[in-house]
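Contents: one structure, followed by commentary.
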Amino acid sequence: MEPLNELCLAALTLSIVFLTILWYKLTSHKEEPKLPPGPRGLPIVGFLPFLRTNLHHQLTELSQQYGPIYKFWLGSKLCVVLNSPSLAKEVVRDQDSVFANRDPPIAGLVGTYGGLDIGFSPYGSYWRDMRKVFVREMLSNKNLEACYSLRRHEVRKTIRNVHTKIGNPVDIGELAFVTEMNVVISIIFGSKFVEETEKRSKDGTEFRELVMKYGQVVGKPNISDFFPMLARFDLQGIKKEMEALLKLVDSILDPAISECMKMLSDRREGEIQRNEKKHLIQILLELMEQKDIGISLDLVKIKAILVDIVIGGTDTTITTVEWVMSELLNNPEIMSKVQQELKHVVGMNNIVEESHLPNLHYLDAVLKETLRLHPALPLLLPKRPSQSAIVGGYKIPEGTKVFLNVYAIHRGPQVWESPLEFQPERFLSPSTNLDYAGNNMKYLPFGSGRRICAGIPLAEKMLMFILGSLLHSFDWKLPEGEIVDLSEGFGLVLKKSERLLVIPTPRLPNFKLYQ
Ligand code: HEM
């Protein structure tokens, strides 16, 4: 071949290669997934000025306009909201390891000693170790069984207390709070500590206010989270507010932990070994001393775990008790069915024990239906993908704040029949897998995947035990002329906006059952 022809052939080949690459680039660029659609917002601040206090309501309304997946900007933060079971599956099943990361607000980080707890720590070996300690060492079946007497003691105390208020309005939230908090404190520190706390703050209001405030501050939209360069100014004072709350938390936890450490070191070896029922703090302090188990615990990490139980676990549980009681008062025929079941399973000459709980199927369905309509964390805890991902055909860049809108899924007309009606029966069919394990994407009150709630065994036991006991021991009615208020308040946890005040009357014939 002549050199000129060779040159032409080479040029032609090069041109073809170049054009092919160009064509590929152009067409493949066209196919690259886009960000989801969504409301426009304003320059710089994005959707921030349009945020309403009831975020889950607003995000559910937006899904009706923009579809099951949409985005908006809050300052420089891209947020994506997922509103359907199939999108939930993509995130918590198909790509769970990418979405198991959290996107904690600054207040959440401050309130957990820099994200050292389980709920806000990033997905990785630290979180895995802490969760293992929590689930296997602290809330194991064996441990929960071992501290039944503590739960029973506190629930019986509550029943006695209500019995002194017969005929007068009782604040259900306060009642549930005192019971749950005392249980939690006694399983962590022992019942002696509960007695001391009760002496200090007779009605528990000091604690209750702290827990409520903590939830509110973590849930408040914070400019610092959306404009990181403004974070050091703490314009709304939210960081400062949380630092003050954490000081209060410390003032409760520090002396309690010191006392336990002293008690443990004072005890003789043999006594510790003989004592099978260990308080949670003892388990944690012993793990801290064992250097060879591959988990390095220290006192701050221990406090961070306790914050998850004392603050995270309490607020969710008491709010759920309030919602169950509100729904039952609103649906007297369902209340009557629950009480019939209790009469049949427990008997009118008996009090509720935890051994009865597995047979209270209707009460269980009522609880599940309440958590469907009023999930304690309606947007779960927001996720943040550790790498760029595709969901529903759209691009979700690394670092996006992802809300899984369980509130919208639980109330979706495409997902549930008559979604706004309170119908516990839908949970009675054994063919559905509508439990708390997060396997059925249409029902996720405790989340799903690796970051599913770590406290389900305790939460379920406590909810069923408190509710069963209150509903078996008493009849409940609203004060004259009152109606049940089902409106929702503001905060991380989905609260009732109004307190629920109800009047108890004894239901059991034998006075001794209230002693
Ligand atoms: C009605 C009661 C409760 C409800 C509805 C509830 C719900 C939830 C939800 C929705 C999450 C986030 C899951 C996700 O993002 O996928 C969560 C996380 C968590 N919950 Fe609960 N919870 C309750 C009670 C409790 C209790 C009593 C405890 C402690 C004893 C607890 C400890 C935790 C912890 C440690 C996490 C973080 C898990 C992680 O990030 O790995 N919860 N909870």
Side-chain angles (χ1 to χ4, degrees), residues 56 82 88-89 91-93 96 99-104 108 112 115-124 126-135 137-140 143-144 147 151 176-177 179-181 183-185 187-188 211 215 218 280 301 304-324 367-368 370-384 401-407 409-410 436-439 441 443-467 492-495:
H56 58 285
L82 309 173
K89 178 179 169 289
V91 163
V92 296
R93 276 279 167 281
D96 192 27
F99 284 90
N101 219 19
R102 292 282 191 218
D103 192 38
T112 54
L116 287 178
D117 71 326
I118 299 159
F120 284 141
S121 57
Y123 177 56
Y126 177 78
W127 164 79
R128 210 170 289 117
D129 287 347
M130 294 292 268
R131 186 158 169 132
K132 216 186 288 167
V133 166
F134 193 80
V135 173
E137 306 287 341
M138 296 168 73
L139 294 194
S140 65
N143 275 351
L144 283 182
C147 58
R151 289 193 292 282
F177 179 84
T179 318
E180 173 70 15
M181 188 53 102
V183 166
V184 162
I185 290 190
I187 63 177
I188 296 175
V211 172
V218 174
L280 297 189
K301 291 176 189 167
I305 296 193
L306 297 185
V307 164
D308 276 356
I309 308 185
V310 175
I311 308 245
T314 315
D315 210 7
T316 42
T317 306
I318 59 167
T319 300
T320 305
V321 170
E322 268 188 308
W323 282 117
V324 171
L367 177 57
K368 288 190 169 128
T370 305
L371 283 165
R372 181 183 71 80
L373 282 171
H374 312 283
L377 292 173
L379 303 168
L380 304 184
L381 292 176
K383 300 166 184 303
R384 181 171 65 190
K401 196 180 202 62
V402 177
F403 295 98
L404 186 46
N405 191 354
V406 160
Y407 188 83
I409 295 175
H410 285 186
Y436 299 134
N439 293 322
M441 296 294 137
Y443 186 63
L444 304 171
F446 289 91
S448 178
R450 289 167 169 80
R451 300 302 290 249
I452 193 170
C453 174
I456 299 175
L458 181 62
E460 194 177 1
K461 269 193 194 322
M462 278 311 293
L463 285 164
M464 289 289 287
F465 196 25
I466 296 178
L467 287 163
L492 185 67
V493 173
L494 175 56
K495 296 191 165 311

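Indexing begins at 1, ligand by ligand and atom by atom, following the structure's order. As the structure is a computational prediction, the values presented were derived from the model and not from experiment.
Cation-pi geometry between Lys301 and Tyr126 is not satisfied (NZ or CZ under 6.0 Å from the ring centre, within 45° of the ring normal). Stacking of Arg450 on the aromatic ring of Phe99 is not recorded, the 6.0 Å distance cut-off and the 45° axial limit not both being met.
The shortest contact between atom 35 (C) of ligand 1 and any protein heavy atom is with Asp308 OD2, 3.6 Å. Protein heavy atom nearest atom 14 (C) of ligand 1, with residue, atom name and distance: Arg451 O, 3.4 Å.
Between His410 and Tyr443, the angle of the ring planes stays under 30°, which puts this pair in the parallel group of the 30/60° scheme. Between His374 and Trp323, the ring-plane angle classifies as parallel under the 30° and 60° cut-offs.
Here is the list of ligand 1 atoms found below 4.0 Å of a heavy atom in Thr320: 1 (C). Annotation for ligand 1: atoms under 4.0 Å from non-hydrogen atoms of Phe134 are 29 (C), 30 (C). Of all atoms in ligand 1, listed by their number and element, those nearer than 4.0 Å to a heavy atom of Pro445 are 5 (C), 7 (C), 10 (C). Less than 4.0 angstrom separates some heavy atom of Leu463 from each of these atoms of ligand 1: 1 (C). Listed by number with element, the atoms of ligand 1 under 4.0 angstrom from any heavy atom of Arg131 are 38 (C), 39 (C), 41 (O). The atoms of ligand 1 that sit less than 4.0 Å from any heavy atom of Leu380 are 10 (C), 15 (O), 16 (O). Counting the atoms of ligand 1 from 1 in the order shown, those under 4.0 Å from a heavy atom of Lys383 are 15 (O), 16 (O).
Around atom 21 (Fe) of ligand 1, the protein N, O or S atoms closer than 2.8 Å are Cys453 SG, listed by chain and residue number.
Contacts of Phe120 with ligand 1, taken as heavy-atom pairs under 4.0 Å, are absent altogether. The backbone of Ser448, and not its side chain, has at least one atom closer than 4.0 Å to an atom of ligand 1 (non-hydrogen atoms only; backbone = N, CA, C, O).
Although no hydrogens or angles enter the test, the distance criterion places no donor-acceptor pair under 3.5 Å between the side chain of Asp308 and the main chain of Gly313. The closest donor-acceptor contact from the side chain of Asn143 to the backbone of Glu137 lies under 3.5 Å. Of the possible donor and acceptor atoms, one in the side chain of Arg102 sits under 3.5 Å from a partner among the backbone N and O of Leu381. A donor-acceptor pair is defined here as one N or O able to donate and one able to accept, closer than 3.5 Å; such a pair exists between the side chain of Thr316 and the backbone of Gly312. At distances below 3.5 Å, not a single donor-acceptor pair connects side-chain atoms of Asp96 with backbone N or O atoms of Gly449.
Distances between N or O atoms of Thr317 and those of ligand 1 include no value under 3.5 Å.
Ligand 1 lies less than 4.0 angstrom from a heavy atom belonging to Arg102.
Minimum heavy-atom separation, Tyr123 to Ala100: CB-O, 3.5 Å.
Side chains of Met138 and Val133 form a contact here, defined as non-hydrogen atoms less than 4.5 Å apart.
Applying the side-chain hydrogen bond (donor to acceptor under 3.5 Å, both in side chains) rule to Asp315 yields the partners Lys495; only residues at least two apart in sequence or on another chain are considered.
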